[in-house]
Amino acid sequence: TLPDTAGITWKVGDTNRLIQWESTGTFSPLQIHYSTDGSTYPDENLIATATNCTPTAPAVKCNGQAAWNPIPDDIDSAVTIRIRGTGSESDVVDYSANTFKIVGGLDVIDPENGQIWYIGDTTRQITWDAQGTITNVKIGYKTSSGGVCQWIAPNDGGHTSGANSFDWPSVANVKTETAYICLADADPAFENDTLVFGDNTFSIRPKIVVLAPVGGTRLEVDGDYPNLIKWSITGTQTSLVEIRYSVNGGADDYPAGQTIATNVDATTGAIGVSWNNIPDDISNNVTLRIFDLNQSLVKGESAQPFKIVGT
C-alpha cells in the first residue's frame, strides 16, 4: 500500500495524490480510509470506495490506484492508510507500512512587493493565506535572500485556514532594501515542512524627519544661524548624514553643489547643525534633504518650504 515510504509529506488541498496497492485475486470494490492515530479508521475518514484492479490471466496479481482529491484539513505527523475489501472480503485488509505527514501551507501576502516600512513603525501588519488550519504560526523576517530568519513571534496563536494577519508591535531596528517575511507552522513537527518566505522583497529603513527650519522661516543672505537644522531619526543604523538644500522645493533633486554639511553625526539632530554664510540663492521655496551617507534612499525632506531673502 502506498504511500508507505518513510518521509512522505502531503499538503492540505493537494489534488490527485495517488494511493496505490497490489491486489491478489479478483474482488471489488475496496474501501480506503486514513488514520491520524495509527489504530482507528473512522467512517468520516473515508478517502474513496474504489474499483479494484482485475488480474489478467494467467496472473493472479494486479496493481490498483485511486486518487485522494483533495487532501483534507487534518494536519498530522503520523498518518496511515488502510485498504480493505467489502462484503465477504471485508476481512482482507492492508495498512501502509510507514506513517506520512499531512501539513498545512502558508503564503505571504504582505509585505512582499517593494513596500517601505520604517524602523519603529507600530501600525504595520503582516498578512498571509493558510491552506489548512495552522493555529500557531512562527513569524519573522530576514534581511537578504540567503539570510537567517529573525523571529518576531515564535508562537503566535489564534490563526485559521484562509486569510490571517499579525500586527508587528515595532518594526525591527535594521536597515535593508532586501527584506523578506518568514512564516512557518510553530509546531516543531511541521516547521521545516511549512517554512516559506515572501516571493519578493520589501524595505526596512530608518525614518528621518526634518524638524527645523520650519515652514516660513526667513534666512538672510550671508547670515549665520547656529544650530538651525534639526532632525529626528529612528533606530541606530545610520551613523553619518549629509545635508543639502534646494531652491525649488526639491525639483532639482538637491544637487551636490548645494551641500550644507557632510559626514555629520546622525545623532546630533536634536542639538542641531549650524548654517552659516547663507548663500545668495534667494527663493521662497527652499527645502532641505538629509540623507544617510551609506544609503541615499534613507532620507527626509522639509515638510514645508522656508525662505532665503536679501537685506
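If you read the sequence from its start, that first residue is 1, and numbering goes on from there.
- In this structure the side chain of Asn164 never reaches within 4.5 angstrom of the side chain of Phe166, judged on heavy atoms.
- Looking only at side-chain heavy atoms (C-beta outward), Ile47 and Asn45 stay at 4.5 Å or farther from each other.
- Hydrophobic clustering of Ile, Leu, Val, Met, Phe, Trp and Tyr side chains at less than 4.5 Å, counting indirect connections, unites Ile181 with Leu106.
- Remark: the backbone N or O of Asp185 is paired with a side-chain donor or acceptor of Thr194 at under 3.5 angstrom.
- In this structure, Thr99 contributes its side chain and Ala78 its backbone to no donor-acceptor pair below 3.5 Å.
- Without hydrogens or angle criteria, Lys101 side chain to Ala189 main chain gives a donor-acceptor distance under 3.5 Å.
- Cys149 and Phe197 make their closest contact through SG-CE2, 3.5 Å (heavy atoms, listed as atom of the first residue, atom of the second, distance).
- Under a 3.5 Å cut-off, the side chain of Ser246 and the backbone N or O of Asn248 do form a donor-acceptor pair.
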Given the rule in the side chain to side chain contact (heavy atoms under 4.5 Å, CB included) test, do Arg124 and Tyr118 qualify, once you have shown the distances and angles that lead to the verdict?
CA-CA 9 Å; Arg124 300 299 186 176; Tyr118 293 102; 4.3 Å; yes
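- The shortest side-chain heavy-atom distance between Tyr34 and Pro72 falls under the 4.5 Å cut-off.
- Linking Ile, Leu, Val, Met, Phe, Trp and Tyr whenever their side-chain heavy atoms come within less than 4.5 Å puts Trp128 and Val103 in one cluster.
- Rounded to the nearest 0.5 angstrom, Asn98 CG and Ile81 CD1 are separated by 12.5 Å.
- Using a distance-only test at 3.5 Å, with no hydrogens or angles considered, a donor-acceptor pair links the side chain of Trp168 to the main chain of Ser170.
- Looking at every heavy atom in both residues, Asn173 comes nearest to Gln237 through O-NE2, 3.2 Å.
- Between Arg205 and Glu177 a salt bridge is recorded (basic side-chain N to carboxylate O distance below 4.0 Å).
- In this structure, Phe100 and Trp68 have perpendicular ring planes: the angle between them is above 60°, well past the 30° mark.
- Contact check for Trp231 versus Val264: side-chain heavy atoms found under the 4.5 Å cut-off.
- Here Lys138 contributes atom NZ and Ile152 contributes atom CD1; the two are 12.5 Å apart, rounded to the nearest 0.5 Å.
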Carefully, step by step, assess Leu46 and Gln31 under the rule side chain to side chain contact (heavy atoms under 4.5 Å, CB included).
CA-CA 7 Å; Leu46 178 68; Gln31 283 192 334; 4.3 Å; yes
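- Ring geometry for Trp275 against Phe306 counts as perpendicular: the plane angle is over 60°, on a 0 to 90° scale with 30° as the lower cut.
- For Thr287 and Tyr254, the side-chain atoms include at least one donor-acceptor pair closer than 3.5 Å.
- In this structure, the separation between NZ on Lys307 and CD1 on Ile282 is 12.5 Å, given to the nearest 0.5 Å.
- Heavy atoms from other residues, nucleotides or ligands lying under 6.0 Å from NZ of Lys142 number more than 12.
- At a threshold of 4.5 Å between side-chain heavy atoms, the hydrophobic network of Ile, Leu, Val, Met, Phe, Trp and Tyr places Tyr225 and Ile308 in one connected group.
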Before you tell me yes or no, could you show the steps for Asn136 and Asp187 under side chain to side chain contact (heavy atoms under 4.5 Å, CB included), namely the whole-Å CA-CA distance, both residues' side-chain angles and the distance that decides it to 0.1 Å?
CA-CA 7 Å; Asn136 290 63; Asp187 187 330; over 6 Å; no
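- A salt bridge does not link Lys11 to Asp193: none of the charged nitrogens lies less than 4.0 Å from a carboxylate oxygen.
- The only member of Thr236, Ile204, Val174 that meets side chain to side chain contact (heavy atoms under 4.5 Å, CB included) when paired with Ile119 is Ile204.
- If you take CD1 on Ile83 and OH on Tyr41, they are separated by 10.5 Å, rounding to the nearest 0.5 Å.
- Panel note: side chain Glu191, backbone Ala184; no donor-acceptor pair is recorded below 3.5 Å.
- Nearest heavy atoms, Leu288 versus Ser302: N-OG, 2.8 Å.
- Judged by distance alone, with hydrogens and angles left aside, the side-chain atoms of Ser283 form a donor-acceptor pair with the main-chain N or O of Asn285 at under 3.5 Å.
- Listed here is the closest heavy atom pair of Phe27 and Glu89: CB-CG, 3.8 Å.
- Proximity of Tyr95 to Ser35: side-chain heavy atoms (C-beta onward) are nowhere separated by under 4.5 Å.
- Using a 3.5 Å distance cut-off with no hydrogens or angles, the side chains of Asp265 and Thr267 do pair a donor with an acceptor.
- In Gln115, the CD atom is crowded: over 12 heavy atoms of neighbouring residues, nucleotides or ligands sit closer than 6.0 Å.
- With a 4.5 Å cut-off on side-chain heavy atoms, Thr234 and Val171 do not count as touching.
- Using a 4.5 Å cut-off between side-chain heavy atoms of Ile, Leu, Val, Met, Phe, Trp and Tyr, with links allowed through other members, Val196 and Ile134 fall into the same hydrophobic cluster.
- At least one side-chain heavy atom of Trp21 sits less than 4.5 Å from a side-chain heavy atom of Asn52.
- A distance of 8.0 Å separates OG of Ser274 from CG of Leu228, quoted to the nearest 0.5 Å.
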Step by step, work out the side chain to side chain contact (heavy atoms under 4.5 Å, CB included) result for Leu183 and Ile139.
CA-CA 5 Å; Leu183 295 174; Ile139 306 162; 3.9 Å; yes
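- Here the closest heavy-atom approach between residue Gly38 and residue Thr80 is recorded as CA-OG1, 3.8 Å.
- Judged by distance alone, the side chain of Asp222 and the main-chain N or O of Asn277 form no donor-acceptor pair under 3.5 Å.
- Not one N or O on the side chain of Thr268 forms a donor-acceptor pair closer than 3.5 Å with the backbone of Ile271.
- To the nearest 0.5 Å, atom CZ of residue Phe202 and atom OG1 of residue Thr178 are 10.0 Å apart.
- At a threshold of 4.5 Å between non-hydrogen side-chain atoms, the residues Asp129 and Ile109 count as touching.
- Val221 and Val286 fall within a single hydrophobic cluster, where Ile, Leu, Val, Met, Phe, Trp and Tyr side chains are chained together by heavy-atom contacts under 4.5 Å.
- Of all the heavy atoms in Val12 and Asp74, the pair that sits closest is CG2-N, 4.5 Å.
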